[in-house]
Amino acid sequence: MDLRRDLKNLIPEIKEIVQKINVLSLSDQKALLEQIGGAKVKQEGRTDRSYAHLPPLEYAEVGNVVTRFPPEPNGYPHIGHAKAAIIDEEYARMYNGKLILRFDDTNPLNEKLEYYDAINEGLEWLGIKPDTVKNTSDDIQLLHDYGKKLILNDSAYVCTCKPETIHTLRAKGISCECRKDPNISLDRSKKMFSNSFAQNEAIIRFKGNMSSQNTALRDPTLFRIIEGDHPKLHKQIRVWPTYDFAAPIEDSLDGITHALRTKEYELRNALYFAILDRLNLRKPFLTEFSRLEFDGIPISKRKIKQLIENGIVKSWDDPRLPTLMAMKRRGFLPEAIRKFVLSLGMTLAETKPPIKTLESLNRKIIDPQCRRLFFVKDPVELQVLGAVSKEVVLRNHPNNIDLYVRKVQVSNSFYISREDALEFFNTGTEFRLIELFNVKIVEIKSDSQNQVFVAIQTGDEMKQSTPKIQWVAKEDAYPYKIIIARELYRGEEYNKDSLEIVDGVAESFVSSLNRGTMIQFVRFGFCRIDSNEVAILTHR
RNA sequence: GCUCCGAUGGUGUAGUUCGGUUAAGCAUUUCGCCCUCUCAAGGCGACGAUCCCGGGUUCAAAUCCCGGUCGGAGCACCA
C-alpha cells in the first residue's frame, strides 16, 4: 500500500530518469544505427536489389547456400511458380549460392514432355538461370534403394489393404496387420520391386506414428505402383515414390541447404525430417511462404485446365490467365513480375495482393520505351472545313527522343472516336487534334448510313487548357482491334465480360510493328502487339 | 471433427525474434496541385491504422503472457 502510494509520487521522477536514459542511449544507438545503416546499404548494393529485398535467411552463410525450385511438369508455369522460383533464385544470389531446378516428375500419369519445356521457357523468360537442372526421375534407382533400406530398417512396410481401409484406419489412428511383421514386408517388397504386384495392390508405407495428432505422420505412402508412360523413363519403372518420400531425399542428396516451400506443406515438415532421420541423411533447413492468390483469377492448374476444356478459355496463353505465357503475351515484363513478387515478402499470411500494383510496376518500366501511337475506338468521320493536305511529323514519345518521329499524310478528313465527337459537339467546346490544329464541331451531317461530323478550324495555337484528342487520318486508317482482358471471375461467378474486343482504326504504321512490340495508344492504354491487326491491352 | 498456421490504413507489406529511438516506414489505390500537345510517366501534397478483440505483466506493448474471434491450410496409392 505504502509502496503504491510512493510509486505514484515516484512516477514523475522515474519518467525523468527514463527519459535521460533514453537520451543517452539514443546517442549511443545513433552511432550504432550509422554502422548498421552503412552495412545495409552495402548489402543492397551487393545484391543489386535496391527496390525490394527479402529478409535474411536463417542459418545461411555466404557462399554456402543451395536452394531449389521443384516444379512438377504437369502443366504450364504460372505466376505462382514465378513467385517460388524468384524467391529461390533471389536467395541463392543473395548468398552467392546455387539454384537447382529439379523437375519433380514422380507421377507418370501427370507428366508431359511439353511441360518440362514450358517450365524451362518460363524460367528463361523470367531471367532465372538455374546452376543445375535435373529430374527426380533421374534418381529413381537411388530412391528405390533408400526405400528398400527403410524396409530393412523396419521403418517402412508394404501394405496391401484396400484404399478405403487405409483411409478409415488412418482417420481412427489405428494401424493395420501389414505393419506388424517386418519379414512379410520384406517378402512383399521384393515382389513389389520385381513387379509381381499390380497397380493398387500394394503400397509402401512409412512407419510413422498412427496415433499422431499430425495426420501427415500416420504412416503415409512412400511408394505406389503406377502403370504409365513416363516422359523420361517410359514404361521401365512401375514403382514410383511419392512427393513425401522423394522431396526430402532429393533435397538432402542435392545438397540443398534451404528448402523453401509454400505454406500448405507446413505439417509435412515433421515427416520430412523423420524420413531423413531414419535414413541418417543430412537435413536441410525448411521455410514456408504463403501461396499466391488473386481475386477473380484462378491460379490452380486444375481450374485453368477446366476452363480450357470447357472452351471458356481458348488456350494457355489467353491474356486473362495468370500463366507465364499469357502474362508475356499480355505485355507484362519479367522485371515487373520480379519486383512484384519481392514486394510480397516471405509472409505467412494468406492474402490476395492487388494486381494494380503489378500493373503500376510494369507501367513505370515500359513507359519510357513505348511509342505513343493513335488508335480510335468506335470511329466517326470528322471533316475539317478548309484543312489542307499535308504531311505532318508526329513525335513518338513526349520525352524519349531516341524513339524519333513518324510522318503521316493528312487531308481534311479524320477519324475520331464517337465518344469524343459527341461530347465536343454537345458541349460546343473547342478541342485540338494532337499535333495538328484546334477545331470546333459545327454540325452533324447524316447520310443514309453514316454520321459525319463537320468542324471548322479555330487556329493553330497550342494551349495547355484545350482538350487534346488522338485521331487517325482517313487515308491512313487501318482497321484494328484491341483485346481487353478482365478478371475471369466476379466472386464465384464467371465474368461474361472478361474478354472484350474493341474495334476501331489505327494509323497504318501500327500494322508494320512486330508481334511483341510494346506501345501506348494515346488516351487508351499500353498495349502489346499481338498480330498485324490486333493488340492486347496490357493495362491503362 | 482433429491438428497446425495467420491477423498492421481500401489493398499489399516493413517493424514483432531482443518491449522504449516513430502511436507506426514503404508501395499501391483514391483525390488535389505542378509539369506536359495523352485520361501515361515525372514532381509535390492530402485522405487514410487507438497495429483483430478482451484481459494481464511493465514506468513503458503492434511487439511479452493468458483467453477469445475471424480467416486459411493439412488430414490422397497429387505435388
Side-chain angles (χ1 to χ4, degrees), chain A residues 7 10-15 17-19 21-23 25-30 33 51-52 55 58 70-72 74 104-107 109-110 159 163 166-167 170-171 173 199-205 212-218 220-226 240 242-244 246-247 261-270 288 290-291 293 295 301-302 339-340 343-345 347-361 363-364 366-368 370 372 374 394-395 397-400 432-436 462-464 466-470 520-526 540:
Chain A
L7 239 181
L10 282 173
I11 282 176
E13 217 174 307
I14 292 171
K15 279 194 174 167
I17 293 166
V18 167
Q19 269 189 340
I21 292 169
N22 272 344
V23 171
S25 62
L26 226 174
S27 58
D28 277 346
Q29 281 167 347
K30 264 188 182 173
L33 256 176
Y51 45 87
E58 284 183 87
E72 183 185 16
N74 68 342
D104 224 341
D105 52 353
T106 56
N107 189 338
L109 263 23
N110 296 152
C159 179
I166 295 175
H167 184 255
R170 204 167 358 224
Q199 194 165 302
N200 294 323
E201 265 187 355
I203 56 173
I204 295 180
R205 291 227 254 164
S212 170
Q213 292 209 307
N214 181 352
T215 43
L217 254 20
R218 321 248 259 230
T221 307
L222 265 22
F223 287 92
R224 74 285 207 214
I225 298 166
I226 300 176
W240 287 96
T242 58
Y243 167 85
D244 282 332
R261 44 187 193 176
T262 42
K263 215 188 151 198
E264 68 266 22
Y265 291 109
E266 255 181 320
L267 296 219
R268 313 187 103 73
N269 288 180
E288 294 80 33
S290 66
R291 214 185 159 102
E293 277 182 77
D295 249 333
K301 264 174 268 191
R302 208 192 77 248
K339 280 189 184 183
F340 178 68
S343 82
L344 305 177
T347 168
L348 254 4
E350 63 279 339
T351 48
K352 297 181 175 178
I355 293 278
K356 293 242 181 195
T357 303
L358 210 208
E359 294 181 352
S360 167
L361 293 168
R363 192 181 297 120
K364 282 168 192 166
I366 63 178
D367 181 89
C370 282
R372 309 298 147 121
F374 294 161
L394 302 176
R395 286 177 296 164
H397 194 280
N399 32 42
N400 180 356
R432 183 174 174 84
L433 300 180
I434 292 177
E435 305 263 16
L436 277 180
M462 214 324 266
K463 275 176 291 188
Q464 210 51 252
T466 353
K468 296 159 202 77
I469 66 164
Q470 79 280 24
Q520 187 205 47
F521 280 125
V522 171
R523 300 208 306 140
F524 190 88
F526 292 92
R540 296 220 48 167

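In what follows, chains carry the letters A, B, and so on, assigned in the order in which the sequence lines appear, proteins first and then strands, with residues in each chain numbered from 1.
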C1'-based separation of B/U21 from B/A61 [nearest Å]:
16 Å
Inter-nucleotide C1' distance (B/C47, B/G9), Å rounded:
10 Å
Check whether any side-chain N or O of A/Arg224 sits under 4.0 Å from OP1 or OP2 of B/A79, and answer yes or no.
yes
Among B/A79, B/C77, B/C2, which nucleotide sits nearest the side chain of A/Thr221?
B/C77
Counting only heavy atoms from other residues, nucleotides and ligands, does the tally under 6.0 Å from CZ of A/Arg291 exceed 12?
no
Counting N and O atoms only, with roles assigned by atom type, does the side chain of A/Arg170 sit under 3.5 Å from a partner on the main chain of A/Arg218, one being a donor and the other an acceptor?
yes
Can you tell me which residue among A/Ile166, A/Asp244, A/Ile203, A/Ile204 is in a side chain to side chain contact (heavy atoms under 4.5 Å, CB included) with A/Thr221?
A/Ile203
Quick one, A/Trp240 and A/Asn107 - any side-chain contact, counting heavy atoms below 4.5 Å?
no
Heavy-atom side-chain contact between A/Arg224 and A/Thr242 under 4.5 Å
yes
5' to 3', nucleotides 31-38 of chain B under a 4.0 Å protein heavy-atom cut-off (B base, S sugar-phosphate only, - none) gives -----BBB
Pairing nucleotide - B/C75, Watson-Crick or G-U, each distance under 3.5 Å
B/G1
Generate the contact string for nucleotides 6-19 of chain B. Rules: B means base contact, S means sugar-phosphate contact only, - means no protein heavy atom under 4.0 Å.
S----SSS------
When A/Glu72 is tested against each of A/Asp105, A/Asn110, A/Thr106 for side chain to side chain contact (heavy atoms under 4.5 Å, CB included), which residue passes?
A/Asn110
Span that lies between the P atom of B/G56 and that of B/A27, in whole angstrom:
39 Å
Rounded to the nearest angstrom, tell me the gap between atom CG in A/Leu222 and atom C1' in B/A79.
15 Å
Checking contacts here: which listed nucleotide (B/C4, B/C77, B/A79) is nearest the side-chain heavy atoms of A/Tyr265?
B/A79
So what does A/Asn107 hit on the nucleic acid, given a heavy-atom distance under 4.0 Å: a base, only sugar-phosphate, or nothing?
sugar-phosphate
Counting only Watson-Crick or G-U wobble pairs whose two distances fall under 3.5 Å, which nucleotide matches B/G12?
B/C26
Across the strands shown, which category fits A/Arg540 at heavy-atom distances under 4.0 angstrom: base, sugar-phosphate, nothing?
sugar-phosphate
Given RNA chain B, 5'-ward residue of the pair A/Phe526 and A/Glu293, judged by closest heavy atom
A/Phe526
Please figure out whether A/Thr242 or A/Arg363 has its closest RNA chain B nucleotide nearer the 5' end.
A/Arg363
As its Watson-Crick or G-U partner within any shown strand, both distances under 3.5 Å, B/C59 has B/G20
Min side-chain heavy-atom separation A/Ile434-A/Arg395 under 4.5 Å
no
Classify the nucleic acid contact of A/Asn399 as base, sugar-phosphate or nothing, counting any heavy atom under 4.0 Å across all strands shown.
nothing
Name the closest nucleotide to the A/Pro163 side chain, picking from B/C77, B/A73, B/A40.
B/C77
Rounded to whole angstrom, note down the C1' distance from B/G68 over to B/U30.
36 Å
Is there a side-chain contact between A/Ile225 and A/Glu201, using heavy atoms and a 4.5 Å cut-off?
no
What is the nucleic acid contact for A/Thr466, judged by heavy atoms within less than 4.0 Å: base, sugar-phosphate only, or nothing?
nothing
Tell me whether the OP1 or OP2 atom of B/C77 has a side-chain N or O from A/Arg170 closer than 4.0 Å.
yes
Look only at the side chain of A/Thr262 and the backbone of A/Glu264, and say whether a donor-acceptor pair between them is shorter than 3.5 Å.
no
